[in-house]
Amino acid sequence: MGAIRAEYRCLRRAELPVGTIALARYLIGKTLVHDAPEGRRSGRIVETEAYVPGDAAAHHFRGMTPRNRSMFLGRGHAYVYFIYGVWYALNVSAEAKGVGGGILLRAVEPLRGIALMQARRPGATLENLARGPGRLATAFDIDRRFDGIDLCKKGPLWLGEAVRPTGAIGASVRIGITLEAHRLQRYYERNNPFVSGPKRLNI
DNA sequence: CGGCTGATGATCT
DNA sequence: GATCATCAGCCGG
């Protein structure tokens, strides 16, 4: 484990790896921060899924639309969509400007603002607070108002450095899709209880 | 724990 | 009109 860092800077766009898969792995262990009037929420990203160019399961596969345009803004921007009539999900755009690529943030380990998260998800255990993309967005109070914002500067929502060393990273098939289901493009920190999904995928 | 299912509305065809 | 990058609740083992 090692010492936990209390202060951390935001990630610079230049240091984000180029390419969706490389960035999806890089983001494991980094910090997601939401600065709101009521206070700061932060968490360690422990699970991501890559949606690369040409992937039929990806929202950007059929080209740019009003909904998915944020995934074409160049790496390091937020793409937030509404799904199943109930949930929001947060992605990080991942390719060069004009190219569609996205990384779904599936789970974080809460660091700060836990009481704020619990207020949004009453009754949830600490492990379940932000475990799963819909729960993460709810706990962090993320919706379409953040769609398209730059995550590489300290605005209301940004990406920070890792606050402690990152553990071994595992890979598995992605969750909840039917197309391109064989791709091993879900990444997670091994042995981390804040990771979502069935046990068999978290080995 | 694992499997199943209904809820619910934006989006695109 | 179909689909959907999900979740909570319920059931059985």
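Proteins get letters first, then strands, A, B, ... in listed order; numbering begins at 1 in each.
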Comparing nearest nucleotides in DNA chain B, the 5'-proximal residue of the pair A:Arg144, A:Val86 is A:Val86
Ring-base stacking, A:Trp87 with C:dT6 (5.5 Å, 30° cut-offs): no
Evaluate whether the aromatic ring of A:Tyr51 and the six-membered ring of the C:dA5 base sit under 5.5 Å apart, centre to centre, with an inclination under 30°. yes
Would you say a side-chain N or O of A:Arg62 is under 4.0 Å from OP1 or OP2 of B:dT11? no
Can you tell whether the side chains of A:Glu15 and A:Lys30 come within less than 4.0 Å, N to carboxylate O? no
Is there a Watson-Crick or G-U wobble partner for B:dT8 with both distances under 3.5 Å, and if so, which one is it? none
C:dA5: pairing nucleotide in any strand, Watson-Crick or G-U under 3.5 angstrom: none
Distance-only donor-acceptor test, A:Tyr81 side-chain atoms vs C:dA5 base atoms, 3.5 Å: yes
So, the side chain of A:Glu189 versus the backbone of A:Val46: is there a donor-acceptor pair under 3.5 Å, distance only? no
Heavy atoms under 4.0 Å, any strand shown: does A:Ile177 hit a base, just sugar-phosphate, or nothing? sugar-phosphate
Any A:Arg121 side-chain nitrogen or oxygen under 4.0 Å from OP1 or OP2 of C:dA8: yes
Suppose we call two aromatic rings close when their centres sit under 6.0 Å apart. Are A:His34 and A:Phe146 close by that rule? yes
Check this one for me: any side-chain N or O of A:Arg106 less than 4.0 Å away from OP1 or OP2 of C:dT6? yes
